[in-house]
Amino acid sequence: PILYSYFRSSCSWRVRIALALKGISYDLVPVNLLKDGGQQFSAEFKAVNPMQQVPALKIDGITLSQSLAIIHYLEDTRPNPRLLPQDPKKRAQVRMIADHIVSGIQPLQNLSVLKQMGEKKMEWAQNCIASGFQALEQILQHTAGRYSVGDEVSMADLCLVPQVSNAERFRVDMGPYPTITRINKALLELEAFKVSHPSQQPDTPAELRA
């Protein structure tokens with residue numbers, strides 16, 4: 001498999017966690033979203049992903065983009081360990097939390113939107129994340145065990161950790177979100193979350209390496 005990734009991309013990070021949890025080794029092709037006006041806009045990368053976004057994964061003779069589509073494919077073809085619970089109610093909760101982050105928070109504060117916001121980009125990102133986290137904190141109080149849904153790591157957790165990292169980068173006050181903070185801390189102790197962390201990637205700049 002070949003993963004097209006950017007060290008700081010939270011969408012890429014979700015997929016890196018899934019690959020690590022499932023023990024799938026891969027070659028990484030860095031796509032720097034800032035360098036050369038954004039390497040994602042090159043003709044070469046547009047041929048890989050017409051949406052000109054990371055991640056993209058070449059695997060089993062196909063090329064997939066969109067982080068949750070990639071993770072669902074990995075789940076369908078390499079089901080151990082499970083990232084979706086067997087219980088239909090828990091499975092729905094996992095998907096709900098993942099969608100909440102992937103559709104309701106992350107796109108509002110990603111690079112392409114922030115470019116449009118100019119000087120107000122920090123305030124905009126903080127407001128979008130805080131608004132989403134208020135709802136997420138409430139949801140997790142009903143679904144969480146050790147992790148986002150019960151005591152097993154799920155697709156919801158793969159979305160949560162990168163989004164908390166974004167929140168910290170945009171200096172969001174995490175005080176009002178004790179459940180999110182607790183789950184994030186527990187997940188960051190797991191090896192798959194450590195090796196996939198933005199500070200540990202081949203394309204991480206020296207000054208940001210752990």
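- Looking at residues two or more places apart in sequence or on another chain, you find a ring-ring contact (aromatic ring centres under 6.0 Å, His included) between Y4 and F45.
- With no hydrogens or angles considered, a side-chain donor-acceptor pair links Q109 and Q163 at under 3.5 Å.
- Side-chain atoms of R14 and S67 form a donor-acceptor pair, as typed in the model, at a separation below 3.5 Å.
- Between D27 and K58 there is no salt bridge, since no side-chain nitrogen of the basic residue lies less than 4.0 Å from a carboxylate oxygen of the acidic one.
- Under the 3.5 Å distance criterion, the side-chain polar atoms of Q201 are matched with a main-chain donor or acceptor of V195.
- Salt-bridge annotation for K22 and E75: present, with a side-chain N of the basic residue lying under 4.0 Å from a carboxylate O of the acidic one.
- For T63 (side chain) and V48 (main-chain N/O), no donor-acceptor pair under 3.5 Å exists by modelled atom type.
- When the options L140, L160, I105 are evaluated for a side-chain contact (heavy atoms from CB on, under 4.5 Å) with H100, the one that passes is I105.
- Side-chain N/O atoms of E137 and Q141 include a donor and acceptor closer than 3.5 Å.
- For residues 181-210, the pairs satisfying ring-ring contact (aromatic ring centres under 6.0 Å, His included) are W13-H197, with sequence neighbours left out.
- You'll find the side chain of P1 reaches within 4.5 Å of the side chain of I24, heavy atoms only.
- Remark: side-chain polar atoms of Q39 are paired, donor with acceptor, to backbone N or O of N32 under 3.5 angstrom.
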Show the numbers, then the answer: is there a side-chain contact (heavy atoms from CB on, under 4.5 Å) between L57 and L74? CA-CA 11 Å; L57 183 68; L74 297 176; 4.2 Å; yes
